[in-house]
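Just so we're clear, the structure is a prediction, and the values are computed from it rather than from any experiment. FYI, side chains are in, hydrogens and waters are out, and symmetry mates aren't considered; it's all heavy atoms of this structure. We number each residue from 1, following the sequence as shown.
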Amino acid sequence: PPAPTVEDQVVSSSNFLDSFSHAALQVQSISSEHWVTYNKHEGHGDLIANSETALLIAICNGEINKHKTRVFNSMMVYPTAEHQRCAAYFVSTDNRNTFGRYVCRASLTGSPLTTADIAKDMRITRKAVTTMVNECIAEGWVVDNRTGGSRYLSATPFLIDGFRGYARWAAANWTAV
């Protein structure tokens, strides 16, 4: 078989983010047929019969892993009280959790997002995003780089470090469904 591509690595069954792979592939415009074909090649053909089944499995796994994340987060040991307060904020609601992932990804990719971008992608109001932005700026977790009338958002190094620590801890302590 050909050498695995980055997309193949995303759907690797050993990757703890497997449950989100199908949705990520859709965002990246990678066909679900490619995802299914790859997983059949990896010996998962009986489990993943078609792209609809694959999507259903990914959704189930995503919800199960969301629960695992909340449970395991309560068991994590934080280096400081500030890290613990930050984590508590971002796991307190699904919107805050997702917002935190958006601003971390924006920083990691070097592509800051606007409040409008986040609101549209999350399908929530700009006011809801603005509330989270203001709370996070006040705590020093998010940076607002205003350009004209737009707020370009990214995570601070503190938030990135916290997310990096969480990712390492999660990878060492649990596996995806």
Side-chain angles (χ1 to χ4, degrees), residues 4-30 34-35 38 58-59 61-63 65-66 68-70 72-73 76-80 82-124 126 128-148 150-177:
T5 64
V6 171
E7 292 82 9
D8 292 333
Q9 292 170 7
V10 169
V11 296
S12 167
S13 61
S14 64
N15 186 327
F16 86 98
L17 295 176
D18 246 3
S19 61
F20 303 104
S21 61
H22 187 52
L25 294 176
Q26 292 300 328
V27 169
Q28 297 173 27
S29 300
I30 299 166
H34 172 82
W35 188 82
Y38 179 80
I59 291 169
N61 289 346
E63 294 300 318
N65 285 329
K66 194 185 310 181
K68 282 180 156 182
T69 299
R70 289 185 189 273
F72 281 112
N73 190 58
M76 190 171 162
V77 177
Y78 298 94
T80 68
E82 176 64 15
H83 284 90
Q84 186 169 4
R85 196 169 91 238
C86 180
Y89 176 86
F90 285 105
V91 299
S92 64
T93 69
D94 286 342
N95 282 346
R96 286 177 174 176
N97 193 303
T98 304
F99 171 73
R101 303 296 194 245
Y102 271 101
V103 294
C104 283
R105 185 179 68 188
S107 293
L108 293 167
T109 62
S111 303
L113 297 168
T114 65
T115 54
D117 295 333
I118 295 171
K120 182 179 176 184
D121 277 2
M122 289 181 63
R123 292 182 166 83
I124 61 176
R126 288 171 84 171
V129 174
T130 299
T131 298
M132 290 185 285
V133 168
N134 292 338
E135 291 168 348
C136 291
I137 288 172
E139 294 291 340
W141 302 329
V142 170
V143 176
D144 176 359
N145 299 304
R146 287 183 185 262
T147 303
S150 297
R151 301 176 90 168
Y152 288 91
L153 308 168
S154 56
T156 61
F158 178 86
L159 184 55
I160 294 293
D161 288 342
F163 185 62
R164 187 173 282 122
Y166 166 75
R168 285 184 192 126
W169 182 88
N173 287 282
W174 66 278
T175 57
V177 173

*Asks:* Once you round to the nearest 0.5 Å, how far does SG of C136 lie from CG of D144?
*Replies:* 11.5 Å
*Asks:* Going from CZ on F99 to CG on L153, what distance comes out if it is rounded to the nearest 0.5 angstrom?
*Replies:* 5.5 Å
*Asks:* Surrounding CZ of R126 (heavy atoms of other residues, nucleotides or ligands, distance under 6.0 Å), is the total greater than 12?
*Replies:*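 No - once you tally the heavy atoms of other residues, nucleotides and ligands closer than 6.0 Å, there are 12 at most.
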*Asks:* Applying salt bridge (Lys or Arg N to Asp or Glu O under 4.0 Å), which residue pairs with at least one partner in residues 156-168 are found, sequence neighbours left out?
*Replies:*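 Non-adjacent pairs meeting salt bridge (Lys or Arg N to Asp or Glu O under 4.0 Å): D161-R164.
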*Asks:* Give a yes or no answer on whether the side chain of T115 reaches the backbone of V129 with a donor-acceptor pair at less than 3.5 Å.
*Replies:*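 Side chain of T115 to backbone of V129: no pair is present.
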*Asks:* Say whether Y89 and E135, considering side chains only, have a donor N or O and an acceptor N or O under 3.5 Å apart.
*Replies:* yes
*Asks:* How long is the span from the CH2 atom in W141 to the CD atom in E82, to the nearest 0.5 Å?
*Replies:*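 Reported to 0.5 Å precision, the distance equals 6.0 Å.
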*Asks:* Got a second to check how far L113's CG is from S150's OG, nearest 0.5 Å?
*Replies:* 11.5 Å
*Asks:* After noting the C-alpha distance and the side-chain angles of T130 and R151, does the key distance pass the side chain to side chain contact (heavy atoms under 4.5 Å, CB included) rule?
*Replies:* CA-CA 10 Å; T130 299; R151 301 176 90 168; 3.7 Å; yes
*Asks:* Indicate the atoms forming the closest heavy-atom contact of S154 with S107, along with that distance.
*Replies:*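 The answer is CB-OG, 3.1 Å.
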*Asks:* Identify the residue among Y78, F158, F90 that makes a ring pair (Phe, Tyr, Trp, His ring centres under 6.0 Å) with H83.
*Replies:*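 Passing option: F158.
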*Asks:* In Å and rounded to the nearest 0.5 Å, what is the CZ to CE distance from R101 to M122?
*Replies:* 11.5 Å
*Asks:* Please report the interatomic distance OG1(T114) to CG(N145), rounded to the nearest 0.5 Å.
*Replies:* 12.5 Å
*Asks:* Do the non-hydrogen side-chain atoms of V133 and I137 ever get within less than 4.5 Å of each other?
*Replies:*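 Side-chain contact under 4.5 Å: yes.
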